[in-house]
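Heads up: the structure comes next, in structure tokens.
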There are 2 protein chains.
Amino acid sequence: MLRVSKLTDYATVILTHIAHQPDELYAASDITQSTGVALPTVSKVLKLLSKANLLISHRGAKGGYELAKKPNETNVAEVIAAIEGPIGMTECTTSESTCEQESSCEIKGNWNLINRAVYTALEAVTLADMVVPVRQQEVNVVMPMNKEMNELKVEN
Amino acid sequence: MLRVSKLTDYATVILTHIAHQPDELYAASDITQSTGVALPTVSKVLKLLSKANLLISHRGAKGGYELAKKPNETNVAEVIAAIEGPIGMTECTTSESTCEQESSCEIKGNWNLINRAVYTALEAVTLADMVVPVRQQEVNVVMPMNKEMNELKVEN
DNA sequence: TTCATATAGTACTAAAATAGTCCTATATGA
DNA sequence: TCATATAGGACTATTTTAGTACTATATGAA
């Protein structure tokens with residue numbers, strides 16, 4: 001299945017938690033308590049998010065982390081990229097790889113196209129959207145919804 | 001990075017190859033030669049695609065595989081699901097998992113929303129689109145394209 | 001009827017990616 | 001000066017993925 005890593009999942013949980021009160025400073029230990037994720041893991045995620053400039057870190061006593069931008073200015077595509085690196089669904093679209101099949105590969109360009117579509121979808125969802133419970137929100141994704149999709153929608 | 005497995009990548013290459021001449025029968029050995037992917041691997045992919053009803057298999061001498069549907073009736077979401085299982089970006093959206101954090105997890109619904117957006121994007125691209133070189137095609141994805149996206153577009 | 005060919009299914013091994021933990025260094029406020 | 005908190009790196013165990021191999025079954029043709 002197409003999926004993000006557990007760490008990325010934690011990252012969204014943590015960022016959503018922080019986004020509830022964007023002006024406060026959160027220490028790793030605070031976040032462990034409120035999310036139930038183990039401290040070393042929380043710590044690892046926070047470091048990655050800080051390195052990617054999605055969080056600002058403050059060292060020392062009374063230190064902690066805060067959002068680098070407003071909740072509506074950080075989107076899911078950025079979060080995934082912060083934890084997992086550049087978003088690209090195949091090897092040949094993320095690295096200057098030496099693909100042995102390259103000469104006979106006709107579809108590299110098509111994967112770029114698919115990547116773009118997926119990226120746009122991920123980019124449309126921000127932390128501000130994540131803070132609002134799903135029932136009440138209208139996410140800014142302009143796409144046709146088919147029957148299956150609408151059935152899924154009912155589940156929430 | 002968000003990505004599909006190598007086998008899924010092979011699957012798109014193989015299906016695209018077959019889609020060029022949808023009425024012919026292709027043996028695994030034919031496909032090895034034209035794609036450069038190792039025979040046991042090709043064989044594995046073909047079996048998975050057949051099991052998922054994207055290909056129809058014919059046993060015995062002069063046997064082989066053919067497309068189960070017209071190229072424009074098989075989309076990338078189906079191909080990914082055939083190889084990797086149901087598309088869902090987090091554990092809690094694909095399985096009846098016993099997530100320990102569930103009680104304090106506020107964003108399961110939001111991930112469903114993101115999944116839906118990604119799924120719709122993947123569903124919009126069919127084998128018929130993959131057969132056409134990227135320069136000439138117009139893919140039916142109705143989404144706003146931002147600056148970055150358009151820059152990517154130029155690359156092709 | 002026999003045989004070469006081709007898929008079906010399953011099991012197994014090796015390699016790579018991921019998750020999670022731990023330790024030491026550095027910064028900062030009281 | 002010390003308790004607190006992040007920074008950075010190294011390390012291990014686990015899981016996933018990739019690739020291979022083997023046996024069974026189906027089919028067309030000589």
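Chain naming here is simple, since letters A, B, ... match the order of the sequence lines and numbering starts at 1 in each.
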How many whole angstroms separate atom NE2 of A:His58 from atom C1' of C:dT26? 17 Å
Ignoring backbone atoms, establish whether A:Tyr26 has a side-chain N or O less than 4.0 Å from OP1 or OP2 of D:dA5. no
Paired nucleotide for C:dG29 [Watson-Crick or G-U wobble; both distances under 3.5 Å]: D:dC2
Rounded to whole Å, how long is the line connecting atom CD of B:Glu84 with atom P of D:dT16? 13 Å
Mind checking if B:Leu46 touches a base, just sugar-phosphate, or nothing, with heavy atoms under 4.0 Å? nothing
Using only side-chain N and O atoms of B:Ser57, determine if any of them is under 4.0 Å from OP1 or OP2 of C:dA6. no
Assign each of A:Thr41 and B:Lys51 to its nearest nucleotide of DNA chain C by heavy atoms, then name whichever residue's nucleotide is nearer the 5' end. B:Lys51
5'-most contact on DNA chain D (nearest-nucleotide basis), A:Ser29 vs B:Thr8, goes to A:Ser29
Interatomic distance where CG belongs to A:Leu7 and P belongs to D:dT15 [whole Å]: 15 Å
Counting any heavy atom closer than 4.0 Å, what does B:Lys44 reach on the DNA or RNA strands: base, sugar-phosphate only, or nothing? base
Among the clusters formed by ILVMFWY side chains lying less than 4.5 Å apart, do B:Leu25 and B:Leu46 turn up in the same one? no
Below 4.0 Å: OP1/OP2 of C:dA17 and any side-chain N or O of A:Ser5: no
Can you tell me the distance, in whole Å, between the CG atom of B:Leu49 and the C1' atom of C:dA8? 14 Å
With heavy-atom distances below 4.5 Å as the criterion, would you say the side chains of A:Leu122 and A:Tyr119 are in contact? no
In the structure I gave you, are the side-chain heavy atoms of A:Tyr65 and A:Leu49 within less than 4.5 Å of one another anywhere? no
Euclidean distance, atom CG of residue B:Asp9 to atom C1' of D:dG19 [Å, nearest integer]: 16 Å
Taking atom C1' of D:dT4 as reference, at what distance in whole Å does atom CZ of A:Arg59 sit? 13 Å
OP1 or OP2 of C:dT7 sitting under 4.0 Å from any side-chain N/O of B:Ser43? no
C:dG20, D:dG19, D:dA5: which one has an atom nearest the side-chain heavy atoms of B:Lys6? D:dG19
For B:Thr35 and B:His17, run side chain to side chain donor-acceptor pair (under 3.5 Å): C-alpha distance rounded to whole Å, both residues' side-chain angles, the deciding distance at 0.1 Å, then the answer. CA-CA 8 Å; B:Thr35 61; B:His17 179 70; over 6 Å; no
For B:Lys62 and D:dA29, give me the distance from atom NZ to atom C1', rounded to whole Å. 9 Å
Protein-nucleotide distance (B:Lys47, atom NZ; C:dT7, atom P), rounded to Å: 9 Å
When you compare the side chain of A:Leu48 with that of A:Val45, does any pair of heavy atoms fall below 4.5 Å? no
Using OP1 and OP2 only, check whether a side-chain N or O of A:Tyr65 sits under 4.0 Å from D:dA5. no
